[in-house]
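See below for the structure under consideration.
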Amino acid sequence: VPDYEWFRNSTCDTSNAVSVGDQSTYTPPSDVVGTFYYYAVLTFSDEGGCGAITSECAEVTVVPDPEVSIITPLDYTICVGGVIPPIETSVTGGTGTLTYTWFKDGVPVDPPVNLPTYDAGIFSIAGVYEFNVTVSFDGSGCDPATSETVTVTVLESPVAVIEPSEPQSICVNGNFDPLVASFDYAGISDSVNIKWYYNTSNTTDIDSQTTFVASGPFADNNTITPNSSTPSVRYYFFLLEFDPLVCENPVSPTVQITVANPPSIASNPDANQTICVGGTIEENSLCVTINGGVEPIEYSWFAGFTYLVPNSEWGIFPPVVSSDSSNCLALPADFFDNPSFEGQDVKFWVVISFPGSNGCGGIFSDPATVSVLSDPVLADPSPATQELCEGSTTVECLVGSASGGVGNYIYSWRELSDPDVELPNGDQPTYCPPTNVVGEFNYFYVVTTDAPGADCETTSGTAQVIIQP
């Protein structure tokens with residue numbers, strides 16, 4: 001039976017070897033990293049005459065336990081719909097066949113990914129996600145190794161806001177309130193850029209009809225003041241530029257910016273009308289329309305005997321604020337009943353201003369003149385008295401006459417016992433009374449004119465006609 005002695009060396013060489021064992025088998029240690037060579041020497045007793053024999057070398061390599069590291073960033077903040085670059089690893093140590101097991105939030109990903117890189121895909125739901133990987137080898141004694149954790153914070157997409165959001169309207173060369181951009185996003189970085197645009201229709205589509213206004217780093221370009229040199233209606237908005245892998249580029253709502261021409265009178269109230277005291281003017285004759293200017297519009301009507309010198313005592317013209325470019329003054333029905341208007345020219349005009357606007361100033365209309373005349377003056381009918389026999393053919397026709405007022409005269413002969421009934425054939429200046437009825441009759445006439453709304457009307461005195469049996 002031979003005696004055994006095991007030796008270890010750093011090379012496959014029997015010189016300078018270190019004795020490490022004396023059994024027929026030997027298990028090399030694995031606590032020191034390196035490559036070692038082992039061999040055995042077998043010796044026999046002298047009785048048999050056998051010499052010693054030396055085995056071949058056995059090479060044993062001891063490697064470190066495996067380690068795995070993430071070589072891409074460990075933290076990301078992105079928006080819903082964003083992605084991150086593939087997660088990459090570096091593995092050292094271990095021996096044998098390598099296997100990767102990727103985890104998401106502590107659970108192996110499904111389907112499994114046995115690769116040194118991992119693509120996490122699109123993040124469609126806000127939240128915090130964690131990724132890591134475990135590597136294992138099938139070599140003897142190699143323990144599994146787990147990497148650091150990659151944390152991905154997924155935020156709701158940024159909300160872009162433009163203030164003030166209400167429409168602004170001014171006249172040419174007025175001053176707009178500046179437009180200020182902001183957005184709500186916890187992962188803001190200095191790399192966010194902003195681009196300002198406007199369209200001539202209410203859309204945020206960017207195409208060949210879109211006008212570029214300004215751009216640059218958000219911190220330096222988040223405020224602009226719209227130009228007011230040219231009449232226009234524009235819809236301003238802005239676009240934020242993020243890293244396209246991190247966030248989609250949010251777009252703000254639009255804000256309407258209107259630059260109007262300076263205001264001018266498009267049509268003035270009717271220049272001249274004539275009525276009698278107590279009459280009314282034509283409907284919608286005191287109206288004005290304007291071009292240019294911006295809403296709201298304030299119309300302040302005035303009246304007086306002298307243009308631009310109002311008579312405040314009449315007190316019937318409170319300012320009217322309107323969003324319309326036309327305005328009409330409606331007078332009380334009894335306005336011209338005022339006896340002080342008789343024989344006067346009453347003038348009406350309107351002052352138009354633009355409260356709250358910028359650069360529009362104010363304008364006023366030309367005057368509308370209403371000439372207020374006396375009612376027609378009537379002569380008493382003649383002859384004043386007649387006394388005739390029943391059936392007489394010598395009756396003298398009654399004659400009336402009128403002067404003054406406005407328009408053509410309209411006659412209406414009547415009898416005092418029934419004053420509201422117009423007599424037959426009584427529509428002329430002359431009226432021939434009948435003699436076929438016995439009695440005492442008192443005739444008179446009423447004169448009006450055909451001027452619409454002038455309300456010219458006068459009643460004459462009476463003429464007496466007595467018919468005897």
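Because the structure is predicted, anything quoted here is derived from the model rather than measured. Both backbone and side-chain heavy atoms feed into the values below; hydrogens, waters and symmetry mates do not.
Evaluation of the salt bridge (Lys or Arg N to Asp or Glu O under 4.0 Å) rule for Glu148 yields no partner, not counting sequence neighbours. Not counting sequence neighbours, the partners of Cys287 by the disulfide (SG to SG under 2.5 Å) test are Cys328. Shown here are the salt bridge (Lys or Arg N to Asp or Glu O under 4.0 Å) partners of Glu241, two or more places apart in sequence or in another chain: Lys195. Every residue meeting the disulfide (SG to SG under 2.5 Å) condition with Cys432, not counting sequence neighbours, appears here in chain and number order: Cys397. The salt bridge (Lys or Arg N to Asp or Glu O under 4.0 Å) check on Arg234 picks up nothing, with sequence neighbours excluded. Tyr198 meets the ring pair (Phe, Tyr, Trp, His ring centres under 6.0 Å) test with Tyr236; sequence neighbours excluded.
Of the possible polar contacts, one joining the Glu415 side chain to the Ser417 backbone as a donor-acceptor pair under 3.5 Å is found. With hydrogens and angles disregarded, a donor-acceptor distance shorter than 3.5 Å links the side chain of Thr72 to the backbone of Glu88. When atom types are taken as modelled, the side chain of Asn338 and the backbone of Ser340 share a donor-acceptor pair closer than 3.5 angstrom. With Asn249 contributing its side chain and Phe242 its backbone, the two residues share a donor-acceptor pair below 3.5 Å. With hydrogens and angles disregarded, a donor-acceptor distance shorter than 3.5 Å links the side chain of Asp450 to the backbone of Asn408. Checked by atom type and distance alone, the side chain of Thr254 never pairs as donor or acceptor with a backbone atom of Thr203 at under 3.5 Å. Distance alone, capped at 3.5 Å, places no donor-acceptor pair between the Ser228 side chain and the Asn175 backbone.
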I would like to know whether Val350 and Leu329 meet side-chain contact (heavy atoms from CB on, under 4.5 Å); could you show each step before the answer?
CA-CA 9 Å; Val350 63; Leu329 175 64; over 6 Å; no
Trace of the side-chain contact (heavy atoms from CB on, under 4.5 Å) decision for Gln168 with Asp177:
CA-CA 8 Å; Gln168 296 188 56; Asp177 291 335; 3.4 Å; yes
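Using a 4.5 Å heavy-atom threshold, the side chains of Phe137 and Val91 count as touching. At least one side-chain heavy atom of Val152 sits under 4.5 Å from a side-chain heavy atom of Ile78.
Of the residues Thr393, Leu388, Val465, the one that meets the side-chain contact (heavy atoms from CB on, under 4.5 Å) test with Thr435 is Leu388.
In the model, Asp427 has no side-chain atom that pairs as donor or acceptor with a side-chain atom of Trp413 under 3.5 Å.
The distance between the ring centers of Tyr118 and Tyr100 does not fall below 6.0 angstrom.
By the 30° and 60° cut-offs, the orientation of the rings of Tyr197 relative to Phe237 is parallel.
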